[in-house]
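Values below: all heavy atoms of this structure, side chains included; hydrogens, waters and symmetry mates excluded. By convention here, the first residue in the shown sequence is residue 1.
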Amino acid sequence: MLPQEIIRKKRDGHVLSEKEIGFFVEGMTEGSISEGQVAAFGMAVFFNGMNSDEAAVLTRAMMRSGDVLSWNLDGPVLDKHSTGGVGDLVSLVLGPMIAACGGYVPMISGRGLGHTGGTLDKLESIPGYNVFPDNALFQRTVREAGVAIIGQTGNLAPADGRFYAIRDVTATVESIPLITASILSKKLAAGLDGLVMDVKAGSGAFMASREQAEALAQSLVSVGNHAGLRTSAVVTSMDEPLAPCAGNAIEVREAMRYLTGEHRDSRLHAVVMALCVEMLLQGGLAYDEKAAEGMLFKVLESGEAAERFGCMTALLGGPSDFVERYDEYLPQARSCMEVHAPKSGYVSAWDTRRLGLAVVSMGGGRTRADQSIDPTVGLTSIARVGQRIEQGDLLAALHGTDEAATGQAREMVLDAVSITPSAPDVEPAVCFRVTDGS
C-alpha cells in the first residue's frame with residue numbers, strides 16, 4: 001500500500017477500508033509516513049469526513065498503537081471526559097464521588113488548551129502532586145483510592161499524540177470524526193467499562209452552537225459504542241463559566257469547598273450530579289436516577305467523597321492532610337482587583353471565551369506549549385447570568401501578580417459582560433442527554 005493513494009482516495013471522498021486505515025496509523029506510529037502525508041490525510045478527512053464505521057476503525061487502530069491497560073477490580077471502571085470550558089472543575093469532584101459510590105476512575109486528563117483550563121494544571125497547584133506517576137503507582141492509586149487523575153503516559157495511544165500535534169498546526173483540529181477518534185482512542189486504551197462525555201456548547205466552548213455540540217455528542221456515542229466502549233453523553237451549557245471562578249489553584253479551592261460542603265454552586269452542582277448519575281447507571285451501581293442521586297448525596301454529606309480526594313492526593317505525593325488544610329497549601333496571588341458594574345441592570349450574557357483569555361493574559365494559561373503558568377491567578381465571584389446588579393456592584397474579582405496584566409484583564413472582563421435593563425432567559429446548565437448516537 002502507498003500512503004499517497006490512501007490520501008488520494010479520501011481526498012476524492014471515498015470510504016477507506018479497515019486495512020487502509022490500519023496501514024496509515026501504523027505508519028504514523030512508526031514514522032514511516034511523513035509529517036506532510038499525515039497533514040494531507042488530516043485535511044482530506046477535514047473536508048470529506050468519515051462515516052461511523054471509518055471513525056470506529058480509526059479509533060481502534062490508534063488505541064492499539066501503544067499500551068492498552070487492563071484492570072482486575074471488584075467494580076466497574078468508569079470515566080468522564082469534557083470537551084473543555086471555563087471554570088470547569090467537574091473532574092476534581094466527580095472522580096472522588098464515583099469512587100465513594102463503588103466505581104473506579106482512572107482519569108487521564110490534559111493541560112489547558114487555548115482559553116480553557118486544564119485539569120493537570122489545576123492539580124499541579126497542589127504541592128507534591130505527581131501528575132505523571134509510573135504505571136505501578138497509577139494502578140495502586142486507582143485500587144486504593146478508587147480514583148487517580150493523571151496525565152497521558154508516553155505510550156498510551158501514541159499515534160494520536162503525533163496526529164494531534166500535526167492537526168494542531170495545520171488547522172484540522174475542528175473535525176468531528178478526528179476529535180472523536182482522538183478522545184476515544186485514549187479512553188479505550190485506558191481499559192474502561194464505560195465513558196460519559198460532557199460536551200460543552202456556548203461562547204466558552206470549542207463547539208459554540210448547540211447543533212455542533214449535538215453532532216459531536218452523537219458521533220462520540222455512536223463510535224464509542226461501535227468500538228466496544230459503552231458510551232453516553234450529556235450536552236451542557238458553556239455560555240457562562242461553570243463555576244463562578246476560573247484559574248488553577250482557585251478552582252482546586254472551589255472543588256474543596258464543594259466536596260467538604262462549605263459551598264456548592266447550583267450550576268456546577270447540576271452538571272456534576274447529571275454526569276455522576278449517568279456514570280452510576282452506566283456502571284450498574286444504581287438502578288435508577290433517584291437511587292443514584294441518593295448515593296451521591298450520601299457520599300457528599302458523609303465526607304467520604306472528600307476522603308477519596310485526600311487519599312488520591314496523598315498517594316500521588318501531595319500532603320496527607322490536604323483536604324483538612326487546603327487553604328494553607330494552595331498558593332494565592334499577591335493582589336486582588338475588583339471589577340465593578342459600569343451601570344445598573346441584569347447580567348444578560350458573558351463572552352465566556354474572553355473570560356478564559358483574561359486568565360491566560362494574567363499568566364494562568366499558555367500561549368506556547370513550553371510556557372510555565374502561574375497557578376495563583378484567576379477570577380472569583382463572577383456574577384451569574386440573570387443576576388440583578390446596581391452600578392458599582394461587584395462583577396468579578398481579579399487575582400493577579402502583575403499590576404499591568406491585571407489591569408488589562410480588567411478591561412477584558414468589562415468587554416465580556418452584557419448588562420441589559422430587562423432580565424434574560426437563563427439557559428439551564430444541563431441541556432440534554434445522548435444515549436444511542438442518533
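- Between Ser185 and Met62 the shortest heavy-atom distance is CB-CB, 3.7 Å.
- Checking His399 against Thr380 by side-chain atom types alone, a donor-acceptor pair falls below 3.5 Å.
- Considering Arg162, Arg167, Met43 as possible partners of Val38, the one that fulfils the side-chain contact (heavy atoms from CB on, under 4.5 Å) test is Arg162.
- Salt bridge annotation for Arg8-Glu5: present, with a cationic side-chain nitrogen under 4.0 angstrom from a carboxylate oxygen.
- Asp415 is linked by a side-chain contact (heavy atoms from CB on, under 4.5 Å) to Arg354, counting only residues two or more places apart in sequence or in another chain.
- Salt-bridge formation is not detected for the pair Asp265/Arg257: no Lys NZ or Arg NE/NH1/NH2 atom is positioned less than 4.0 Å from an Asp or Glu carboxylate oxygen.
- The pair Glu144-Arg140 meets the salt-bridge criterion, since a charged nitrogen lies less than 4.0 angstrom from a carboxylate oxygen.
- Summarising the local packing, CD of Glu18 is surrounded by 12 or fewer heavy atoms from other residues, nucleotides or ligands at distances under 6.0 Å.
- For CZ of Phe432, the number of neighbouring non-hydrogen atoms (other residues, nucleotides, ligands) closer than 6.0 Å is greater than 12.
- Salt bridge status for Lys10 with Glu54: present, with a side-chain N to carboxylate O gap under 4.0 Å.
- A salt bridge links Lys200 with Asp198: the closest approach of a Lys/Arg side-chain nitrogen to an acidic carboxylate oxygen falls below 4.0 angstrom.
- Under 3.5 Å, the side chains of Thr352 and Ser203 contain a donor-acceptor pair of N or O atoms.
- The 12-atom threshold is exceeded at CD of Gln4, counting heavy atoms of other residues, nucleotides or ligands nearer than 6.0 Å.
- Here the shortest heavy-atom pairing between Ile149 and Tyr129 reads O-OH, 2.9 Å.
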Check the pair Thr435, Ser232 against side-chain hydrogen bond (donor to acceptor under 3.5 Å, both in side chains), reporting the backbone distance first and the verdict last. CA-CA 5 Å; Thr435 58; Ser232 58; over 6 Å; no
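- Taking the six-membered ring where the residue is Trp, His269 and Tyr258 present tilted rings, their angle falling between 30° and 60°.
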Asp79 vs Lys187, salt bridge (charged side-chain N to carboxylate O under 4.0 Å, His left out): CA-CA, chis, key distance, verdict: CA-CA 8 Å; Asp79 198 3; Lys187 296 303 181 183; 2.7 Å; yes
